[in-house]
Amino acid sequence: MSEAEELPRSIVRRVVKDKLSRCSEDGEISVSKDALLALSESGRIFIHYLSATANDICKESKRQIINVEDVFKALEETEFPEFLRPLKASLEEFRKKNAGKKAAVSKGKDDEPRKKRKLEGESPDKGEGSDKAELSDKGEDPDKGESDKGESGDETNDLKE
């Protein structure tokens with residue numbers, strides 16, 4: 001299994017310890033490395049199973065993008081309907097939290113056009129030859145219109161992995 005398929009161990013550990021600390025009267029719970037690995041792998045398998053089921057539901061509806069309703073239906077089809085209520089509550093909380101963030105970001109965007117104009121305008125220290133200086137910084141020969149870039153537009157690199 002590649003690292004890209006693994007769930008981040010630190011997040012799995014945090015989720016497990018957080019949940020177990022709520023269930024335990026002692027507060028502090030120790031979890032072995034093998035137990036964390038088993039929980040992580042179980043979570044990964046569950047995600048694959050649920051996403052494959054949601055994908056099937058999506059395809060049955062002749063769509064290409066899985067939406068939240070597909071995931072809800074997949075939970076029902078895979079016989080995990082008890083997850084629906086907490087998932088919907090979590091999703092609602094997440095949406096409210098993000099709505100607040102988006103509102104804060106949109107307030108900051110009011111200033112963005114001024115910043116953009118300022119960045120696009122010429123700076124006082126650049127003179128007539130500033131276009132050539134900019135091109136030469138990008139690896140292009142300002143007199144010939146050529147560059148060190150290959151056909152794909154990427155810079156050529158002699159190092160191979």
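Computed over heavy atoms, backbone and side chain alike; hydrogens, waters and symmetry mates excluded. Quick caveat, the model's predicted, so the values are computed rather than measured.
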* Asked: With side chains defined as the heavy atoms from C-beta onward, is the minimum distance between R14 and I11 less than 4.5 Å?
  -> yes
* **Euclidean distance, S61 OG relative to K73 NZ, rounded to 0.5 Å** => 6.0 Å
* To do: Could you check if a side-chain atom of L39 sits within less than 4.5 angstrom of a side-chain atom of V15, using non-hydrogen atoms only?
  => no
* Asked: With hydrophobic residues grouped by side-chain heavy-atom distances under 4.5 Å, do L50 and F72 end up in a single group?
  -> yes
* To do: Identify the heavy atoms of D70 and R63 that sit nearest to each other, and give their distance.
  => OD1-NH2, 2.7 Å
* Structure fact -> For S21 and D18 the tightest heavy-atom approach is OG-O, 2.8 Å
* To do: Indicate if L36 and I47 have the same hydrophobic cluster label, given that clusters are the connected sets of ILVMFWY residues with side-chain heavy-atom separations under 4.5 angstrom.
  => yes
Run the side-chain donor-acceptor check on residues 81-97: report pairs under 3.5 Å with partners two or more places apart or on a different chain.
none

* Without swapping roles, check the side chain of S42 against the backbone of A38 for a donor-acceptor pair under 3.5 Å. => yes
* Structure fact -> When every non-hydrogen atom of I66 is compared with those of A54, the smallest separation belongs to CG2-CB, 3.9 Å
* Is the closest side-chain heavy-atom distance between E77 and D56 below 4.5 Å? -> no
* Asked: Does F80 share a hydrophobic cluster with V71, counting links as ILVMFWY side-chain heavy atoms below 4.5 Å and allowing steps through other members?
  -> yes
* Check the pair R9, V12 against side-chain contact (heavy atoms from CB on, under 4.5 Å), reporting the backbone distance first and the verdict last. => CA-CA 5 Å; R9 289 183 187 152; V12 173; 5.6 Å; no
* Of all the heavy-atom pairs spanning L7 and R44, show the shortest one and how long it is. => CD1-N, 3.7 Å
